[in-house]
Each structure stands twice: as structure tokens, then as C-alpha cells.
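See below for the structure under consideration.
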Amino acid sequence: ILKFYNIFIQVYDYYNDYLIKKSLLDFNDMINKTIELLENQPQIREKYQKMFSHICIDEYQDVSSSQVELIKILLSEKNSLFAVGDDWQSIYSFRGAEVSYIVDFKKQFKNTEQIILPYNYRSSKNIVDASTIIINKNKNKIIKKIKAQNKDKNEKIFQFNALNEKDGAQFIINTTQKLLEQDYKIDDFFLLYRRSHQIQQYKSYFAKYNFNIPLKTIHSAKGQEAK
């Protein structure tokens, strides 16, 4: 670990020197430098506090500690915060997001009101019910009852446990071909995977059968739909 830090410090220092020489800021420093400026310059801080009477933050489940710090600096007794988010959809912890900020929102900010929107307009009832069962096993969450607006196609969710990549790829090909025979189109499908290295062996197998299906990571498919 010590060897890693010795190398990391050198790389980090070189990286920062490069940014300074080129007059550049990376994404994190856009926030960090803003925080530093507002903390050290009361007049500038007050200017922007007065400028924004209402502050709206979307996707609040994905905020990081520095983003929350910036929000708090911009808030004053004369303006208000409106945050929209869903702790059940928090998937960006790998890049610094902390779901606790939305779960503990009332502890972070005084005199807050919570409004729960109970309907899911995208997924069918079987998907909503199944995901609710899984998510409710999480201890760190906001308790809510979500209902599906779309109550069509409530077939049971099917789980197939592949023996290996070849077995899994063949199952996907066979299942997709059956649905294509039922007037589905190839664009109606998403094949979702967790990590890039896991899909490589599947891709090589698909290529042998000239099988082209849309492939997406779970993260990149967020907000998109497929039949």
C-alpha cells in the first residue's frame, strides 16, 4: 500500500501541475474551487445567495459530499432548496455519490417537507413488485410503497442460471429467435450486463452465429426502455 501511495502522490502532483500550467480545471475541482472561493470571499458568497431565491437539484440520490457542501454554502435564510431524487435508484457510489444524503435529507436540512411520488410509469407491475422485494432488504433506504401505473404483461419473471458463457449465450440466442418469430424486432431488445469483461466471451460466441443484439451496461441503459 505504501508503494502505491508513493507512486500515486507523484502522479497526482504531476497532474495538478499540468492543470495549473494549462489553466485547466477537472470536474471535481470545478466544484472544489467554487467551494473554496465562496468560503473565503463572503461578498461573493452573499451575491450568489441573493441571486438564487430557489435552488432545484435533480437526481439528488447521486450527489457527492462536495456537491452537498456547495449546496449548503449557497443556501441562506432567504432562499429555499427543492431536491428531486429516488434513493432506490442510487447507482453511482463508484464515482463518489452517497445515498445517505437523500436518506438523511431531513437531518441535513431543517424545516423540510417530504413528498413521495408513489407511481412508476415505466415498468410493469411484475417488475415493480419484484424490485420492491429486493430493495426492501436494504436497511439504508426511505420506506415507501411504489405502485405500477402500467399493469399490462404481468408474466412471472424468469430466471435462467447458465452453466457457463456458452450456455448463457445459446440461451439468449434461442430465446431471442423465438420472440423474433412473434413479430418482435431486434431493436425491441436490450441485453444488459454488469461489467465489460463479462460480455466479451458472449460477443465472440454471438459473432459465430451472426447474432447482433443491442448490448448495454446497466448504468448506460438507465432511463431507456425496451420491450
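This structure is a prediction, so every number in the text was calculated from the model and none was measured.
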Nearest 0.5 Å, what's the CD1-CG distance between Ile55 and Leu70? 8.5 Å
Tell me whether Glu39 is salt-bridged to Arg45, with the criterion being a basic N under 4.0 Å from an acidic carboxylate O. no
Hey, does Lys145 have a side-chain heavy atom less than 4.5 Å from the side chain of Pro118? no
Hey, could you give me the OG1/CG distance between Thr217 and Leu191, rounded to the nearest 0.5 Å? 11.5 Å
Determine, step by step, whether Gln67 and Glu69 satisfy the side-chain hydrogen bond (donor to acceptor under 3.5 Å, both in side chains) criterion, reporting the C-alpha distance in whole Å, the side-chain angles of both residues, the deciding distance to 0.1 Å, and the verdict. CA-CA 5 Å; Gln67 290 171 327; Glu69 187 176 355; over 6 Å; no
Decide whether Asn40 and Glu36 meet the rule of one side-chain donor and one side-chain acceptor closer than 3.5 Å. no
Can you find a pair of side-chain heavy atoms, one from Gln182 and one from Leu179, that are under 4.5 Å apart? yes
Could you measure the distance from the CD1 atom of Ile127 to the CD1 atom of Ile157? Nearest 0.5 Å is fine. 4.0 Å
Could you tell me whether the side chain of Leu25 reaches within less than 4.5 Å of the side chain of Lys33, counting heavy atoms only? yes
If you look at every heavy atom in Ile146 and Trp88, which pair is closest and at what distance? CG1-CZ3, 3.6 Å
More than 12 non-hydrogen atoms from neighbouring residues, nucleotides or ligands closer than 6.0 Å to CZ on Phe190, yes or no? yes
Can you check whether Asn79 reaches Tyr48 side chain to side chain, under 4.5 Å on heavy atoms? no
Between the side chain of Thr175 and the main-chain N/O of Ile172, is any donor-acceptor distance below 3.5 Å? no
Consider only side-chain heavy atoms of I, L, V, M, F, W and Y, link residues closer than 4.5 Å, and tell whether Ile57 and Phe27 are in one cluster. yes
Is a donor on one side and an acceptor on the other found under 3.5 Å between the side chain of Asp26 and the backbone of Asp29? yes
I'd like to know whether Gln149 forms a side chain to side chain contact (heavy atoms under 4.5 Å, CB included) with Asn120, so could you lay out the CA-CA distance, the side-chain angles of the two residues, the decisive distance to 0.1 Å, and finally the verdict. CA-CA 6 Å; Gln149 185 71 13; Asn120 181 308; over 6 Å; no
Once you measure the plane-to-plane angle for Tyr205 and Tyr209, does it fall in the parallel (<30°), tilted (30-60°) or perpendicular (>60°) bin? tilted
Backbone of Asp167 reached by a side-chain donor or acceptor of Asn164 within 3.5 Å: yes
Using atom types as modelled and distance alone, determine if a side-chain donor or acceptor of Asp104 lies under 3.5 Å from a backbone N or O of Tyr101. no
Pair Ile35, Ser66 - check side chain to side chain contact (heavy atoms under 4.5 Å, CB included), show working. CA-CA 8 Å; Ile35 291 172; Ser66 58; 4.3 Å; yes
Nearest non-hydrogen partners of Ile186 and Pro214, listed with the distance: O-CD, 3.5 Å
Please report the closest heavy-atom contact between Ser220 and Gln224, naming both atoms and the distance. O-NE2, 3.1 Å
Any chance you could lay out the side chain to side chain contact (heavy atoms under 4.5 Å, CB included) test for Ile173 and Phe206, step after step, and finish with the verdict? CA-CA 8 Å; Ile173 292 172; Phe206 291 158; 3.9 Å; yes
Specify the closest pair of heavy atoms between Asp62 and Ser90, including all atoms of both residues, with the distance to one decimal. OD1-CA, 4.0 Å
Side chains of Gln201 and Lys166: donor-acceptor distance under 3.5 Å anywhere? no
Euclidean distance, Lys185 NZ relative to Asp183 CG, rounded to 0.5 Å: 9.5 Å
Examine distances only and state if a side-chain atom of Lys141 and a backbone atom of Asn136 form a donor-acceptor pair shorter than 3.5 Å. yes
Separation between NZ (Lys203) and CD1 (Ile213), nearest 0.5 Å, reads 13.0 Å
Candidate pair Ile134 and Thr132, rule side chain to side chain contact (heavy atoms under 4.5 Å, CB included), full reasoning: CA-CA 5 Å; Ile134 294 172; Thr132 298; over 6 Å; no
Can you tell me if Asp87 and Gln89 form a side-chain donor-acceptor pair at under 3.5 Å? no
Take Asp17 and Lys22 through the test salt bridge (charged side-chain N to carboxylate O under 4.0 Å, His left out) and record every step on the way to the result. CA-CA 9 Å; Asp17 289 341; Lys22 297 291 184 178; over 6 Å; no
Check this for me: Phe160, atom CZ, are more than 12 non-hydrogen atoms of other residues, nucleotides or ligands nearer than 6.0 Å? yes
Relative to the ring of Phe109, is the ring of Phe105 parallel (under 30°), tilted (30 to 60°) or perpendicular (over 60°)? tilted
What are the two closest heavy atoms between Ala148 and Ser124, and how far apart are they? CB-C, 3.9 Å
For the pair Gln10 (side chain) and Asn6 (backbone), establish whether a donor and an acceptor sit closer than 3.5 Å, ignoring hydrogens and angles. yes
Separation between CD of Gln114 and CD1 of Ile102, rounded to the nearest 0.5 Å: 8.5 Å
Minimum-distance pair of heavy atoms, taken over all atoms of Ala221 and Leu192: CB-CD2, 3.6 Å
Between the side chains of Gln198 and Gln200, does any donor sit under 3.5 Å from an acceptor? no
Which label fits Tyr12 and Tyr15: parallel for a plane angle under 30°, tilted from 30 to 60°, or perpendicular past 60°? tilted
Check Lys144 with Asp86, please: is the shortest side-chain N to carboxylate O separation under 4.0 Å? yes
Check whether any side-chain heavy atom of Ile218 lies under 4.5 Å from a side-chain heavy atom of Tyr193, and answer yes or no. no
Anything under 30° is parallel, anything over 60° is perpendicular, the rest tilted; go ahead and classify Tyr119 against Tyr121. tilted
Considering residues, nucleotides and ligands other than Phe171, do more than 12 of their heavy atoms fall under 6.0 Å from its CZ? yes
